[in-house]
Chemist: 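The structure follows.
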Amino acid sequence: LLRIEELFRSEGYSLRLVGGAVRDLLLGRNAKDIDLATDCTPDGMIKLFEREGIRYIPTGLNHGTITVHTDQSNDYEITTLRIDHVTDGRHALVQFTSDWVKDAERRDLTINSMSLGFDGKLYDYFDGQKHLAERKLLFVGDAVSRIQEDYLRILRYFRFYGRICLLPNAHDPDMLIAIRDNAVGLTKISVERIWSEMSRILVGNHSPHLVSLMYELGVAANIGLPDDGNLNELTKVWESMHRHYQLEPVCLLVSLLKSGEEVERFSRQWKLSNLERKLGIFVSNEREACYQGAPLKYYKDQLVDGEFRNHVLELLKYCNRFPDSTELEGWTVPVCPVNGNDLKKAGIASGQKLGETLKDIRRKWKESCYESSKEDLLATLK
């Protein structure tokens, strides 16, 4: 990375860290994703990399983004400074610039508008450092303009509120008014992007408060959440989760929904992955029995019968049965000592009779808490 910065500097260009990396460093955290910005054009970057034999991928040339591959483990996205020339509420036609202030103006939140030079100098045009220290969330400049440039920023506001702000209800009133007045714009956003943001909001800090606020401001209705979402269940599950463990985001979504059928509909509506859909339906269908104290043996039998371990563990965590989930997590799933070949050798012909007999053998084995030997089980055939 230092080699790249030195190359840009030697050619008279600036290269700075931007976005989340700057925010994380100011909070004393390790920067997870290192994104960079430059006043060099995409064509200029390509010429530099090709001249120096540096591998690169033109990942987003329309928006000025090139991914540079510096070694076997590190890729860095470098984006040319730009202005959103024309926007439609989601996508923008950009115009490249060399003005760092103009580039910062088009970013969503003040805490995301800072840049950091490799000499350690912080460039902060909109008091982002002050707002970060105060754990305060504000849009850059006029909130309405920022939102109307990209309505997804409404959901980003809620996500970053959960990441940055310490108190659940310390919103700037003007930010909430701007969100309420523009919530209908979320209907322009793809469901994949909505779920990407919502999945992080649901498991983040202050989630019950934020989702409740989304209902109050009309956000929930415009992203397709049910009018009667179960906020009490969400609060119960979220509070339990934050005391002990992390849950998959789809489990928090399930807490808002009433049934496996509703989870199925939502899975199609928000285009959840097949794994998320199956997990959500399982948790929804099984949670009532789990709340009522279905014995741990019941869940061991589910694992023996081929249910995904993660499904059962997520269910137990969802229902605040943390000790049971811990025990089951370390449990080795036993294998029935009798199989179809054993039954054939015992004289049972293949077909329906063999299937029914094997099912009965497995039932007896499970009733013995998986302790019956092959000999014991085959003896029952007589």
Side-chain angles (χ1 to χ4, degrees), residues 147 151-152 154-159 161-162 168-169 171 175-243 246-292 294 311 314-321:
I147 289 172
Y151 290 102
L152 185 66
I154 290 176
L155 296 183
R156 283 174 59 83
Y157 173 88
F158 290 106
R159 170 160 66 92
Y161 191 95
N169 195 10
H171 304 272
M175 302 300 105
L176 299 187
I177 291 171
I179 288 171
R180 181 198 64 200
D181 292 348
N182 291 277
V184 68
L186 284 163
T187 56
K188 295 184 176 185
I189 306 300
S190 71
V191 290
E192 293 91 344
R193 297 305 299 272
I194 287 174
W195 176 233
S196 175
E197 295 294 330
M198 279 302 301
S199 62
R200 289 180 274 188
I201 293 168
L202 287 167
V203 298
N205 295 326
H206 317 310
S207 174
H209 158 75
L210 293 174
V211 175
S212 176
L213 189 59
M214 291 165 72
Y215 273 93
E216 292 176 26
L217 298 176
V219 171
N222 284 292
I223 61 174
L225 285 174
D227 295 337
D228 55 352
N230 193 338
L231 293 170
N232 290 333
E233 177 77 356
L234 170 64
T235 301
K236 178 173 68 174
V237 173
W238 180 87
E239 288 180 348
S240 174
M241 177 191 78
H242 270 245
R243 283 195 300 269
Q246 192 75 357
L247 275 173
E248 293 291 338
V250 70
C251 293
L252 278 298
L253 175 63
V254 164
S255 71
L256 289 168
L257 308 178
K258 290 185 174 61
S259 65
E261 290 78 11
E262 195 170 20
V263 174
E264 178 72 58
R265 288 197 302 273
F266 248 81
S267 297
R268 292 195 300 269
Q269 177 182 326
W270 278 7
K271 297 184 180 179
L272 272 60
S273 71
N274 200 37
L275 287 175
E276 289 171 326
R277 179 183 65 83
K278 289 181 177 179
L279 171 59
I281 293 172
F282 176 81
V283 170
S284 181
N285 288 341
E286 294 283 343
R287 61 185 165 186
E288 190 60 35
C290 192
Y291 275 139
Q292 292 177 2
H311 288 189
E314 289 290 308
L315 171 67
L316 292 169
K317 293 174 183 176
Y318 178 101
C319 295
N320 197 23
R321 293 177 58 171

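Quick note: numbers below take in every heavy atom, side chains included, and nothing from hydrogens, waters or symmetry partners.
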Chemist: Which value, rounded to the nearest 0.5 Å, describes the distance between Ile177 atom CD1 and Asn182 atom CG?
Modeler: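 Output value for this atom pair is 11.5 Å.
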
Chemist: Determine the minimum heavy-atom distance between Trp238 and Pro208, stating which atoms define it.
Modeler: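 Between these two residues, the closest heavy atoms are CD2-CD, 3.4 Å.
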
Chemist: Could you state the interatomic distance from OH (Tyr161) to CE (Met175), rounded to the nearest 0.5 Å?
Modeler: 12.5 Å

Chemist: Please check: side-chain N/O of Arg321 versus main-chain N/O of Cys290, any donor-acceptor pairing under 3.5 Å?
Modeler: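 Here the side-chain-to-backbone pair exists.
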
Chemist: Going from CD on Glu192 to OG on Ser273, what distance comes out if it is rounded to the nearest 0.5 angstrom?
Modeler: 12.0 Å

Chemist: Check whether Ser199 reaches the backbone of Ser196 with its side chain - one donor and one acceptor, N or O, closer than 3.5 Å.
Modeler: yes

Chemist: Would you say the side-chain atoms of Glu314 pair up with the backbone N or O of Glu248, donor to acceptor, closer than 3.5 Å?
Modeler: yes

Chemist: Give me the atom names and distance for the closest heavy-atom approach of Val250 to Gly280.
Modeler: CG2-CA, 4.2 Å

Chemist: At what distance, to the nearest 0.5 angstrom, does CD1 of Ile223 lie from CD1 of Ile189?
Modeler: 11.0 Å

Chemist: Please lay out, stage by stage, how Asn205 and His242 fare under the test side chain to side chain contact (heavy atoms under 4.5 Å, CB included).
Modeler: CA-CA 9 Å; Asn205 295 326; His242 270 245; 3.4 Å; yes

Chemist: Kindly say whether Val263 contributes a backbone atom to a donor-acceptor pair with the side chain of Ser267 at under 3.5 angstrom?
Modeler: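 Confirmed, Ser267 side chain pairs with Val263 backbone.
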
Chemist: Do Leu247 and Val203 make a side-chain contact, defined as non-hydrogen atoms from C-beta onward lying under 4.5 Å apart?
Modeler: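 No, every pair of side-chain atoms sits at 4.5 Å or beyond.
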
Chemist: Flag the pair Leu256 / Leu231 as yes when at least one side-chain heavy-atom distance between them is below 4.5 Å, and no otherwise.
Modeler: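 Of all side-chain heavy-atom pairs linking Leu231 with Leu256, at least one is under 4.5 Å.
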
Chemist: Which side-chain N or O atoms in residues 211-221 pair as donor and acceptor under 3.5 Å with protein atoms at least two apart or in another chain?
Modeler:
residue: Tyr215; atom: OH; partner: Pro226; partner atom: O; Å: 2.7

Chemist: Please check if the number of heavy atoms outside Lys258 that lie under 6.0 Å from its NZ is greater than 12.
Modeler: yes

Chemist: Please determine if Arg268 and Glu264 form a salt bridge, counting it only when a charged side-chain N lies under 4.0 Å from a carboxylate O.
Modeler: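 Answer for the salt bridge query: yes.
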
Chemist: To check you understand the geometry: which heavy-atom pair defines the closest contact between Leu253 and Leu272, and what is its length?
Modeler: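 Shortest heavy-atom separation between Leu253 and Leu272 comes out as CD2-CD2, 4.2 Å.
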
Chemist: Start with the C-alpha gap between Leu225 and Trp270, add the side-chain angles, then the distance that decides, and say whether side chain to side chain contact (heavy atoms under 4.5 Å, CB included) holds.
Modeler: CA-CA 10 Å; Leu225 285 174; Trp270 278 7; 3.6 Å; yes

Chemist: Counting only N and O atoms by type, is there a donor-acceptor contact under 3.5 Å from the side chain of Ser207 to the main-chain atoms of Gly204?
Modeler: no

Chemist: Within a 6.0 Å radius of atom CG on Asp228, are there more than 12 heavy atoms belonging to other residues, nucleotides or ligands?
Modeler: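 Yes, the 6.0 Å shell around CG holds more than 12 heavy atoms from other groups.
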
Chemist: Within this structure, what is the CD1-CD1 distance for the pair Ile154 and Ile147, rounded to the nearest 0.5 Å?
Modeler: 5.0 Å

Chemist: Evaluate the side-chain proximity of Val237 to Glu233: yes if any heavy-atom separation is below 4.5 Å, no if none is.
Modeler: yes

Chemist: So, do Lys317 and Met241 sit near enough that their side-chain heavy atoms are less than 4.5 Å apart?
Modeler: no

Chemist: Identify the heavy atoms of Leu210 and His171 that sit nearest to each other, and give their distance.
Modeler: CD2-CE1, 3.9 Å

Chemist: Any side-chain heavy atom of Leu257 within less than 4.5 Å of one from Arg265?
Modeler: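 Side-chain contact under 4.5 Å: no.
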
Chemist: I'd like to check Arg193 versus Tyr151 (side-chain heavy atoms, cut-off strictly below 4.5 Å). Are they in contact?
Modeler: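 A side-chain contact is absent here, since even the closest heavy-atom pair is not under 4.5 Å.
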
Chemist: Hey, mind stepping through Asn320 and Tyr291 against side chain to side chain contact (heavy atoms under 4.5 Å, CB included) and telling me if it holds?
Modeler: CA-CA 8 Å; Asn320 197 23; Tyr291 275 139; over 6 Å; no

Chemist: I'd like to know if the side chain of Trp195 reaches the main chain of Ser190, judged simply by a donor and an acceptor atom lying under 3.5 Å from each other, with no hydrogens or angles considered.
Modeler: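 Not confirmed, Trp195 side chain does not pair with Ser190 backbone.
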
Chemist: What's the spacing between Leu315 CG and Phe282 CZ if we round to 0.5 Å?
Modeler: 5.0 Å

